[in-house]
Amino acid sequence: MLLGKKRKLGRMIDEISIGEKLEVTEKIEDRDLLLYLGLSNDNNPLFIQHDYASMTPFKKPIVPQIMLLAIVTGAISKYLPGPGSSIKKQEVIYETPVHHYETLHFQFEVVDVLPETHEVEISVKGVNESGDSILDGTFTVSPPYSAKPLTKSTSFDNF
């Protein structure tokens, strides 16, 4: 149990500005693919079977699109706005398939800050190592709220 332990939260809405940017680079490795496929029980031959994928327009196995989304949502949860944030809406277009072992670059930018609804809008663009666009999306995110102290209660005033 984590009672009494301080957790580092991401940035609050008043600490975030339009135009802020974040760049994330990820290389797709076998272990990542195997973990995803094992956890999701997704046995799509397009993701793992070289012989099948070679007969498709993709020519070789591709990375499941949900894995790309996991990289993006993970960066939002870890960095921008960070721990304690919650994604409320997402619109994503997967523009080019990603193949195994590619290195991917994602650029995040805060395009709007809406204090009245406690939301920030983040634009995300992803490219592969060749510079081809792989992902284009917009995420509406609720940044972390300030934690209310557990000890401000008057419950123990009589003790």
Side-chain angles (χ1 to χ4, degrees), residues 1-2 5 7-13 15-114 117-145 147:
M1 188 134 173
L2 294 172
K5 292 189 179 185
R7 293 179 216 159
K8 180 156 174 41
L9 293 177
R11 291 183 302 138
M12 306 301 153
I13 195 153
E15 300 171 319
I16 301 169
S17 304
I18 294 173
E20 286 186 44
K21 294 183 180 176
L22 168 71
E23 290 187 26
V24 173
T25 300
E26 291 282 338
K27 182 167 174 74
I28 304 297
E29 300 285 353
D30 282 336
R31 66 180 167 81
D32 305 317
L33 291 158
L34 292 172
L35 279 170
Y36 164 76
L37 295 170
L39 286 170
S40 66
N41 200 24
D42 187 344
N43 58 3
N44 184 339
L46 188 55
F47 300 150
I48 53 176
Q49 293 180 2
H50 291 267
D51 55 341
Y52 170 75
S54 69
M55 296 183 290
T56 71
F58 302 108
K59 301 295 182 211
K60 50 188 177 177
I62 65 170
V63 174
Q65 292 82 355
I66 197 72
M67 281 185 62
L68 304 177
L69 186 60
I71 293 169
V72 171
T73 60
I76 289 170
S77 291
K78 289 188 280 187
Y79 308 116
L80 185 65
S85 60
S86 174
I87 296 171
K88 296 175 78 176
K89 180 180 173 186
Q90 59 195 25
E91 294 178 25
V92 180
I93 298 171
Y94 302 98
E95 299 181 307
T96 303
V98 173
H99 294 97
H100 298 192
Y101 314 113
E102 284 192 69
T103 299
L104 310 175
H105 306 282
F106 296 92
Q107 181 159 33
F108 298 73
E109 182 176 357
V110 176
V111 294
D112 207 355
V113 178
L114 307 160
T117 57
H118 196 80
E119 296 173 344
V120 294
E121 191 171 295
I122 300 172
S123 166
V124 181
K125 304 213 180 292
V127 297
N128 62 17
E129 52 205 22
S130 303
D132 301 321
S133 180
I134 57 159
L135 180 144
D136 189 5
T138 303
F139 292 76
T140 302
V141 180
S142 176
Y145 290 91

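Note that these values count all heavy atoms, side chains included, but never hydrogens, waters or copies made by symmetry. What you see is a predicted model, and the numbers here were worked out from it, not measured in a lab.
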Listed once per pair and sorted, the salt bridge (Lys or Arg N to Asp or Glu O under 4.0 Å) pairs that draw on residues 122-142, sequence neighbours left out:
Lys125-Asp136

Once salt bridge (Lys or Arg N to Asp or Glu O under 4.0 Å) is applied, what residue pairs with a partner in residues 90-100 remain, sequence neighbours excluded?
Lys89-Glu91

Pro45 meets the side-chain contact (heavy atoms from CB on, under 4.5 Å) criterion, sequence neighbours left out, with Gln49, Tyr52

Looking at residues at least two apart in the chain, or sitting in another chain, which of them share a side-chain contact (heavy atoms from CB on, under 4.5 Å) with Glu29?
Lys27, Arg31, Asp32

[X] side chain near [Y] side chain, heavy-atom distance below 4.5 Å:
X      : Y      : value
Pro81  : Ile76  : yes
Glu23  : His105 : no
Leu37  : Phe47  : yes
Leu104 : Leu68  : yes
Leu22  : Val24  : yes
Ile87  : Thr73  : yes
Val141 : Ser86  : no
Leu33  : Ile48  : no

Heavy atoms only: give me the nearest [X]-[Y] pair and the separation to one decimal.
X      : Y      : answer
Thr25  : Thr103 : CG2-CG2, 3.6 Å
Gly126 : Phe106 : CA-CD2, 3.7 Å
Phe58  : His99  : O-NE2, 3.1 Å
Pro83  : Pro144 : O-CG, 3.5 Å
Ser85  : Ser77  : OG-CA, 4.0 Å

How long is the span from the [atom1] atom in [X] to the [atom2] atom in [Y], to the nearest 0.5 Å?
X      : Y      : atom1 : atom2 : result
Glu26  : Ile28  : CD    : CD1   : 7.0 Å
Ser133 : Ile93  : OG    : CD1   : 9.0 Å
Ile134 : Glu102 : CD1   : CD    : 7.5 Å
Ile71  : Ile66  : CD1   : CD1   : 11.5 Å
Leu114 : Ile13  : CG    : CD1   : 7.0 Å
Ile122 : Glu109 : CD1   : CD    : 10.5 Å

[X]: what forms a salt bridge (Lys or Arg N to Asp or Glu O under 4.0 Å) with it, not counting sequence neighbours?
X      : answer
Lys60  : none
Glu119 : Lys88
Lys78  : none

Walk me through whether Thr56 and Leu46 qualify under side-chain contact (heavy atoms from CB on, under 4.5 Å).
CA-CA 8 Å; Thr56 71; Leu46 188 55; 4.0 Å; yes

Could you pull out all residues at least two apart from [X] that satisfy side chain to side chain donor-acceptor pair (under 3.5 Å)?
X     : value
Ser17 : none
Glu15 : none
Glu20 : Arg11
Lys59 : none

Is it true that, when you exclude Tyr36 itself, more than 12 heavy atoms of the residues, nucleotides or ligands shown sit nearer than 6.0 Å to its OH?
yes

Taken in chain and number order and not counting sequence neighbours, the residues that satisfy ring-ring contact (aromatic ring centres under 6.0 Å, His included) with His118 are Tyr145

Could you walk me through whether Val92 and Leu69 pass the side-chain contact (heavy atoms from CB on, under 4.5 Å) test, one step at a time?
CA-CA 8 Å; Val92 180; Leu69 186 60; 4.1 Å; yes

Could you go step by step and tell me if Val124 and Phe139 meet the side-chain contact (heavy atoms from CB on, under 4.5 Å) rule?
CA-CA 8 Å; Val124 181; Phe139 292 76; 3.8 Å; yes

